[in-house]
2 protein chains.
Amino acid sequence: MYRIGELAKTCGINTDTLRFYEKHGLLAPSKRTVSGYRVYSADDAARLQFILRAKAVGFSLSEIADLLSIELDKANWACSDVKTMVDDKLLQVKQRIAELERFRRSLQILSDTCCGGPASAEHCSILQALESCDVSRSERLLDKETHTHHHAPVQGDCKC
Amino acid sequence: MYRIGELAKTCGINTDTLRFYEKHGLLAPSKRTVSGYRVYSADDAARLQFILRAKAVGFSLSEIADLLSIELDKANWACSDVKTMVDDKLLQVKQRIAELERFRRSLQILSDTCCGGPASAEHCSILQALESCDVSRSERLLDKETHTHHHAPVQGDCKC
DNA sequence: CTTGACCTTGGATTAAACTCCAAGGTTTAT
DNA sequence: ATAAACCTTGGAGTTTAATCCAAGGTCAAG
């Protein structure tokens with residue numbers, strides 16, 4: 001059992017954020033003290049964890065609310081509804097992962113192509129690659145480099 | 001060479017968004033017509049692609065601006081500065097991928113555990129799992145299921 | 001030479017997701 | 001029994017990222 005301040009602290013968020021989530025139907029404390037203080041159970045805390053993870057992963061609060069809303073009105077949902085919705089989100093997550101992987105590869109290539117040395121970046125290929133977003137060019141450059149010499153670029157051996 | 005409307009259309013965004021990005025230093029057209037119309041080059045378009053990809057992947061406009069700002073003032077940046085910044089973003093991307101993978105696994109387990117049948121979701125394990133976010137419980141359930149019988153749940157054989 | 005589809009600017013408005021504030025009630029430690 | 005540290009509500013303010021609007025300029029087609 002946590003009071004709002006404790007829960008907020010352990011989750012690294014603001015108490016106002018918790019009240020905000022409550023107002024928007026994402027998470028209500030399962031109890032109140034006689035004096036009206038919010039009291040959160042372990043289940044409430046777990047639910048918050050889910051919300052925070054979903055948020056960290058790029059879902060909007062209303063999307064998260066969609067996922068959680070099922071619960072409010074269980075009897076009126078069929079298993080198929082639930083599965084459809086979850087599978088839908090699952091697809092979105094997979095697509096997001098794929099997009100992130102593409103972005104990661106681009107950045108990796110940019111990083112690998114640059115020596116990281118103290119020279120001015122004025123003619124640095126990393127910038128040219130970013131500028132034109134022409135990753136294939138960087139890939140060719142890097143590929144050549146790998147075949148002829150070594151993989152990790154060294155100080156002073158920069159393509160800048 | 002594109003005018004603002006064309007570029008916006010091909011990229012699936014609003015012309016106002018392009019003007020907004022310009023105002024905030026993310027993307028300026030490399031030319032203007034005599035009459036003041038914006039004219040975007042292929043490089044400008046590529047830069048926009050980069051911005052849109054970075055955005056899709058969860059970076060804020062100011063983070064993207066950071067990455068792109070290097071370019072505005074090339075001579076005053078060393079290769080090491082550039083590499084540091086890119087490696088920094090790279091780490092963020094990797095962490096985001098890891099978080100997404102964890103989320104994906106949770107959703108996958110939830111999906112696998114539910115039959116998707118027409119029965120009421122009133123007692124559906126998918127909901128219980130979401131509620132408590134107790135994925136390990138679902139994992140155990142699913143594991144047992146897999147060992148004893150079959151992997152893909154069938155209509156009418158739901159743990160609801 | 002005008003109609004319709006473009007474009008310009010500056011400023012207002014929106015939506016999401018907080019974050020802060022004021023005025024007051026509650027708890028706990030000394 | 002009183003200060004410090006909590007909590008309550010309602011409402012206002014902030015930030016980010018657009019999106020919309022008004023008043024007017026440009027341009028190709030008929």
Side-chain angles (χ1 to χ4, degrees), chain A residues 1-41 44-45 47-69 89 92 96 99, chain B residues 1-41 44-45 47-69 89 92 96 99:
Chain A
M1 294 297 188
Y2 318 83
R3 276 184 312 176
I4 196 167
E6 292 171 281
L7 183 59
K9 196 164 199 176
T10 58
C11 292
I13 60 172
N14 194 307
T15 56
D16 281 321
T17 302
L18 280 169
R19 294 195 195 94
F20 177 81
Y21 287 168
E22 183 173 349
K23 190 154 65 184
H24 289 73
L26 279 103
L27 175 69
S30 41
K31 285 199 174 184
R32 292 273 185 143
T33 65
V34 195
S35 55
Y37 283 20
R38 288 168 179 82
V39 177
Y40 296 90
S41 69
D44 296 336
R47 192 180 161 108
L48 177 59
Q49 294 294 338
F50 179 82
I51 293 168
L52 296 178
R53 273 173 59 207
K55 212 168 62 71
V57 137
F59 285 108
S60 71
L61 296 192
S62 81
E63 287 176 304
I64 298 170
D66 282 351
L67 265 174
L68 294 173
S69 73
K89 295 287 174 209
Q92 284 176 45
R96 210 162 286 179
E99 185 71 27
Chain B
M1 295 298 186
Y2 318 83
R3 276 182 312 175
I4 197 168
E6 291 172 282
L7 183 59
K9 196 164 199 177
T10 58
C11 291
I13 60 171
N14 194 307
T15 56
D16 280 322
T17 303
L18 280 169
R19 295 195 194 93
F20 177 81
Y21 287 169
E22 182 173 349
K23 191 154 66 184
H24 290 73
L26 279 103
L27 175 68
S30 40
K31 284 197 173 184
R32 292 273 186 143
T33 65
V34 195
S35 53
Y37 283 19
R38 287 168 178 83
V39 177
Y40 295 90
S41 69
D44 295 336
R47 192 180 161 107
L48 178 59
Q49 294 293 339
F50 180 82
I51 292 169
L52 295 178
R53 273 173 59 208
K55 212 168 61 69
V57 137
F59 285 108
S60 72
L61 295 192
S62 83
E63 286 176 305
I64 298 170
D66 282 351
L67 264 174
L68 294 173
S69 72
K89 293 289 173 208
Q92 285 175 45
R96 210 161 288 180
E99 186 70 28

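What's counted below: heavy atoms across the whole structure, side chains too, no hydrogens, waters or symmetry copies. All chains are named by letter (A, B, ...) in the order of the sequence lines, taking the proteins before the strands, and each is independently numbered beginning at 1.
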Checklist entry - Hey, does the side chain of Asn14(A) come within less than 4.0 Å of dC20(C)'s phosphate (OP1/OP2), counting only N and O? => result yes
Checklist entry - Using a cut-off of less than 4.0 Å, is there contact between a side-chain N or O of Ser35(B) and OP1 or OP2 of dC27(D)? => result yes
Checklist entry - Which parts of residues 1-11 of chain B get close to DNA chain D, meaning a heavy atom less than 4.0 angstrom away? => result none
Checklist entry - Given that Arg32(A) and Ile13(B) both sit by DNA chain D, which one's nearest nucleotide is further toward the 5' end? => result Arg32(A)
Item to check | Atom-to-atom span, CG of Leu18(A) to C1' of dT19(C) - whole angstrom | outcome: 13 Å
Next on the checklist: With each end axis built from five pairs of C1' atoms, what bend angle do you get for the helix from dC1(C)-dG30(D) to dT30(C)-dA1(D)? Round to 10°.
Outcome noted: 0°
Next on the checklist: For a 4.5 angstrom cut-off between non-hydrogen side-chain atoms, does Leu61(B) reach His24(B)?
Outcome noted: no
Anything under 3.5 Å between a protein N or O and an N or O of nucleotides 11-17 of chain D, put it in a table, one pair a line.
from, atom 1, to, atom 2, distance (Å)
dA17(D), OP1, Leu61(B), N, 3.0

Checklist entry - Looking at side-chain heavy atoms only, is the closest gap between Lys89(B) and Gln92(B) below 4.5 Å? => result yes
Checklist entry - Which whole-number value in Å describes the distance from Glu22(B) CD to dC7(C) C1'? => result 13 Å
Checklist entry - Does dT19(D) have OP1 or OP2 sitting under 4.0 Å from an N or O in the side chain of Thr17(B)? => result yes
Checklist entry - Taking atom P of dA16(C) as reference, at what distance in whole Å does atom CG of Asp66(A) sit? => result 13 Å
Next on the checklist: Using a 6.0 Å distance limit plus a 45 degree cone around the ring axis, check whether Arg96(A) lies over the aromatic ring of Phe59(A).
Outcome noted: yes
Checklist entry - Which part of the nucleic acid does Arg38(A) contact within heavy-atom distance under 4.0 Å: base, sugar-phosphate only, or nothing? => result sugar-phosphate
Checklist entry - In whole angstrom, what separates Tyr37(B)'s OH from dA5(C)'s C1'? => result 9 Å
Checklist entry - Quick one: Leu26(A) CG to dA17(C) P, roughly how many Å, whole number? => result 9 Å
Checklist entry - Going by distance alone, is a donor N or O of one side chain under 3.5 Å from an acceptor N or O of the other, for Asp44(B) and Ser41(B)? => result yes
